[in-house]
Amino acid sequence: MLEDIRTQFSILDQQVHNNKLVYLDNAASTQKPDCVLNAVDNYYKTINSNVHRGVHLLSQLATMEYENARKTVQQFIHAKHHYEIVFTRGTTESINLVAATFGRKFFSKDDEIIISAMEHHSNIVPWQLIAEQVGAKLKIVPITSQGEIEIEAYKNLFSEKTKIVSITHVSNVLGTINPVKEMIQIAHQHQVPVLVDGAQGIKSEQVDVQDLDCDFYCFSGHKIYAPMGIGVLYGKEQYLEQMPPYQGGGEMIQKVTFEKTTFNELPFKFEAGTPNVGGAIGLKAAIEFMQSIGMEQLIAHDQSLMRYAKQQMSLVEGMRFIGEAGQQASVISFILKESHPADVGTLLDMMGIAIRTGHHCAEPLMEVLQIPGTARVSFAAYNTKEEINRLVEALQKISKML
Ligand code: 7TS
């Protein structure tokens, strides 16, 4: 069945530098299947118009599709209410929204924000911005040499001043799947809410926000086969209700006078301006695409590719994996013969193989690991063992050249 879906990704059927493309940069962004592209195309060709404001039919249809997309997301992550789903541009905007508004409401001088050593810049910088404004501090959970959270150290970071924990579900560098459920339980024992950065986690595990009991969960559509520019912030009603608006503008208001404005109900309070309706419809199609295959099957496929790749890659001379966690998602970082990762990436590109190199927007993690960067391969539904064989052959050639 998974072989069949490859035909839905026409972008993969091309040559790069005279070689058939092998796309292994899925942690950065996945390709989009025809069903997603068609859903977006169809929206613009048939019902494009602005939402929530028109009396006319197209606007009503667009509004219905947009709100249906919200319900699809709600079911996908098993949120209790559809109005706990806020559409954003992506993970980055979702985290910025929470940092700015939760921070404005609840942080004061000397308060503490717990994050980990393996965070993406998107889950560091927004917290630094608000921390600077109010005089709060970041506390960093250390990681082991395998690339796992040090749980005991995490427990010891809590104090009377801790206001929030913001932690990645899955590291985009190490591939580590963090024990977020346990970490949330620990935080809740201290009455501290938890934001989970699910940019990578959303496709690595079946996410059930009620079972996790996370207070916020953020992810981007473009990493799960949906278009760029659409993402999700899930937040528990009790927090979203208390948080002030993020941006001001149309859609998020109830009544505006020059003296005072009252704000719209959830989730519209956080969706100022014309939203990305086409993107939301594309995200709905992407979720349905994944569900038609089955999340369990998709995860098992990615896991088996990751294990196969690790085993085959370990045979390449000079291979050093960065990240050896017990629970690993389909992300593999490595350094080959201590060479610069960019050289490996460029040579692979010449052979038609697309990977990511560099610090992966996790510079503090690079400092902890004392490396300049890594080369990284990451898998998705359309990748195959044959492609991994091509990767390994290419790495063997490169290893000899270095
Ligand atoms: N958090 C994590 C863990 C990520 O991996 C990324 C993107 C983000 C946040 C930000 O997501 P965005 O969609 O808002 O940009 N990670 C990567 C990556 O690893 N390579 O390119 C983007």
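By convention here, the first residue in the shown sequence is residue 1. For ligands, and for the atoms within them, numbers begin at 1 and follow the listed sequence.
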Seminar exercise, completed: Of all protein heavy atoms, the one nearest atom 14 (O) of ligand 1 is T92 OG1, 2.5 Å
Exercise. Which is closest to atom 1 (N) of ligand 1 in terms of heavy atoms, D197, I230, V173?
Worked result: D197
For this session: Using a 4.0 Å heavy-atom threshold (strictly under), name the region of T168 that reaches ligand 1: side chain, backbone, both or neither.
Result: side chain
For this session: Output yes when a side-chain donor or acceptor of Q146 lies under 3.5 Å from a complementary backbone atom of G326, and no otherwise.
Result: no
Problem set entry | atom 16 (N) of ligand 1 - nearest protein heavy atom and its distance | K223 NZ, 2.9 Å
Problem set entry | Any donor-acceptor N or O pair under 3.5 Å, side chains E119, S116 | yes
Exercise. Would you say H222 contacts ligand 1, with heavy atoms under 4.0 Å as the rule?
Worked result: yes
Exercise. Do side-chain atoms of D197 reach the backbone of N123 as a donor and acceptor pair under 3.5 angstrom?
Worked result: no
Exercise. Which option out of E119, Q200, H359 puts a heavy atom nearest to atom 5 (O) of ligand 1?
Worked result: Q200
For this session: Closest by any non-hydrogen atom to atom 10 (C) of ligand 1: pick that one out of S122, A28, S29, S94.
Result: S122
Exercise. What residue and atom, counting heavy atoms only, is the protein's closest point to atom 19 (O) of ligand 1, and at what distance?
Worked result: R376 NH1, 2.6 Å
Exercise. Mind checking whether H360 has a heavy atom under 4.0 Å from ligand 1?
Worked result: no
Exercise. Using 4.0 Å as the upper bound for N to carboxylate O, is an ion pair formed by E338 and R320?
Worked result: yes
For this session: Without swapping roles, check the side chain of K32 against the backbone of H222 for a donor-acceptor pair under 3.5 Å.
Result: yes
Exercise. Going by an N to O cut-off under 4.0 Å, is there a salt bridge joining E152 and K155?
Worked result: yes
For this session: Tell me, please, whether Y308 has K385 positioned over its six-membered ring: NZ or CZ under 6.0 Å from the ring centre and within 45 degrees of its axis?
Result: yes
For this session: Measure centre to centre between the rings of H301 and F379, then say whether the value is under 6.0 Å.
Result: no
Exercise. Any nitrogen or oxygen of S220, main chain or side chain, under 3.5 Å from a nitrogen or oxygen of ligand 1?
Worked result: yes
For this session: Under 4.0 Å from a heavy atom of T91: give me the atoms of ligand 1 that qualify, with their elements.
Result: 9 (C), 11 (O), 14 (O)
